[in-house]
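The structure under discussion appears below in the form of structure tokens.
Please read these numbers as outputs of a predicted model, since none were measured by experiment. Residue numbers start at 1 and run along the sequence shown.
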Amino acid sequence: MSREHLTVGKFEIYALREGFFYLDGGAMFGVVPKVLWEKKVPADSLNRICLATNSLLVRSPEATVLVETGLGTKLPSKFYDHYAIELKPGLKGALREIGVLPEDVDFVINTHLHFDHCGSNTEVEEEKVVPAFPRARYFIQQGEWEAALNPNERDRASYLAENFLPLAERVVLVKGDVEIIPGVRIVLTPGHTAHHQSVVISDAGNTVFFAGDLIPTAAHVGLPYIMSYDLYPVDTLNTKRKWLDLAAEKGWLIAYVHDPKHFFSQVKKEKHKFVVSLSPQHRS
């Protein structure tokens, strides 16, 4: 399935799959042993697991909001071999399939600025890198923007300047939680990076929580399942516990940015552990 549609009150929400790529399974699950994580996600002969790049398109009477823009098409050729990238249909192709043009998008939200979350923020036009959504304002945490401009040795390879520097005149830098339009909130969810953000979409008593790399796939719902890529894993643990408690208590849907099979699920708490429930109740 390359897309899925939900109705949440006044919101029409489309989960869109740009394509797939592969990352080392051990890195994706941190301290959890392979004998455990491979029961959830099988690895290939190079110990890599298949991941997706998923986005949300949120439409309401007020605005059209795009959450995450995936890998994009500007990556160096070596990335395609290293990460086994396959972009079908691509983000713009997925948007066209639901009748959305780049100029229809009012706001773009990136959970953070690693290359697999913001690659289609920009595109090449007449040999110049320009914003891919010409009318949109791009919402990014100020701390994340500053980290991307001054990366350290550990995360330098994750930040590609062409994905965000051309946005300088269109970017809106925020500090902490903020409501973008009524019912769509950015919330700070630190751990993967210090200023990672997630998105909460609520109306008519129903809520979708786009977790980003806080909970990248359904296989990461368990509290110990934390990526080695996370810069602040103890913060990830505490942040996950907070938001999973809310999601389980209130029956929220969690939207996954990297799950290759499941766009959404609910979660339940059983004997102090969080488990995935793949029978969401709010789909149209």
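Figure legend: K250 and F209 shown without cation-pi pairing, the cationic atom not lying both under 6.0 angstrom from the six-membered ring centre and within 45 degrees of its axis. In this structure, R17 forms a cation-pi arrangement with F263, its terminal cationic atom sitting closer than 6.0 Å to the ring centre and no more than 45° off the ring axis.
Shown here is K88, whose NZ atom has no more than 12 heavy atoms of other residues, nucleotides or ligands within 6.0 Å. Atom OH of Y22 has 12 or fewer neighbouring heavy atoms from other residues, nucleotides or ligands inside a 6.0 Å radius.
Ion pairing between a basic and an acidic side chain is recognised when a charged N comes within 4.0 Å of a carboxylate O; K128 and E126 show no such pairing. Residues K10 and E62 are paired through a salt bridge, judged by an N-O separation under 4.0 Å between the basic side chain and the carboxylate.
Pairs passing the side-chain hydrogen bond (donor to acceptor under 3.5 Å, both in side chains) check and including a residue from residues 165-186, sequence neighbours excluded, do not occur.
Between L173 and F139, the closest side-chain pair of non-hydrogen atoms is not below 4.5 Å. Using a 4.5 Å heavy-atom cutoff, the side chains of Y83 and L51 are not in contact. A heavy-atom distance below 4.5 Å is not found between the side chains of V275 and V221. Side-chain contact between N54 and L16: absent, with no pair of heavy atoms (C-beta onward) separated by less than 4.5 Å. Contact annotation: the side chain of F274 approaches that of D245 to within less than 4.5 Å [non-hydrogen atoms, C-beta and beyond]. Within the 4.5 Å cutoff, the side chain of T7 has heavy atoms near those of the H5 side chain. Side-chain contact check for S277 versus S265: every heavy-atom pair is 4.5 Å or farther apart. Looking at heavy atoms from C-beta onward, S60 lies in side-chain contact with I181 at the 4.5 angstrom threshold.
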- For I140 and V174, what are the C-alpha separation, side-chain angles and deciding distance, and is it a side-chain contact (heavy atoms from CB on, under 4.5 Å)? CA-CA 6 Å; I140 300 166; V174 299; over 6 Å; no
- Task: Check the pair F20 / I85 against side-chain contact (heavy atoms from CB on, under 4.5 Å), numbers first and verdict last.
- Result: CA-CA 6 Å; F20 300 94; I85 294 170; over 6 Å; no
- Message: Run the side chain to side chain donor-acceptor pair (under 3.5 Å) test on T53 and D116 for me, step by step, so that the C-alpha distance in whole Å, both residues' side-chain angles and the decisive distance to 0.1 Å come before the verdict.
- Response: CA-CA 7 Å; T53 45; D116 54 322; over 6 Å; no
- After noting the C-alpha distance and the side-chain angles of T217 and I215, does the key distance pass the side-chain contact (heavy atoms from CB on, under 4.5 Å) rule? CA-CA 6 Å; T217 77; I215 312 170; over 6 Å; no
- Test side chain to side chain donor-acceptor pair (under 3.5 Å) applied to T122 and E162, step by step: CA-CA 7 Å; T122 61; E162 59 267 31; over 6 Å; no
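The side-chain hydrogen bond (donor to acceptor under 3.5 Å, both in side chains) test applied to D106 returns R135, not counting sequence neighbours. Legend: residues meeting side-chain hydrogen bond (donor to acceptor under 3.5 Å, both in side chains) with R137, ordered by chain and number and at least two apart, are absent. T239 meets the side-chain hydrogen bond (donor to acceptor under 3.5 Å, both in side chains) test with no other residue; sequence neighbours excluded. In this view, K92 and E123 satisfy the salt bridge (Lys or Arg N to Asp or Glu O under 4.0 Å) rule, not counting sequence neighbours. Partners of N47 by side-chain hydrogen bond (donor to acceptor under 3.5 Å, both in side chains), not counting sequence neighbours, listed by chain and number: D24, K34.
Distance CG/L91 to OG/S55: 5.0 Å, rounded to 0.5 Å. With rounding to the nearest 0.5 Å, the separation of CG in D213 from OG1 in T189 is 9.5 Å.
Side-chain atoms of E144 and H196 form no donor-acceptor pair, as typed in the model, at a separation below 3.5 Å. T64 and D104 are not linked by any side-chain donor-acceptor pair at a separation below 3.5 angstrom, with hydrogens and angles left out of the test. A donor-acceptor contact closer than 3.5 angstrom is absent between the side chains of H117 and N110. There is a side-chain donor-acceptor pair under 3.5 Å between N121 and T69.
Between Y159 and F115, a ring centre-to-centre spacing not shorter than 6.0 Å is recorded. Between H112 and H195, the distance from one ring center to the other does not fall under 6.0 angstrom. Proximity of the aromatic rings of F21 and H258 is defined here by a centroid distance below 6.0 angstrom, and this criterion is met. Here the two rings, on H220 and F29, have centers that are under 6.0 Å apart.
No side-chain donor-acceptor contact under 3.5 Å links Q266 to the backbone of V276.
V58 pairs with exactly one of Y14, F107, F11 by the side-chain contact (heavy atoms from CB on, under 4.5 Å) rule, that one being F11.
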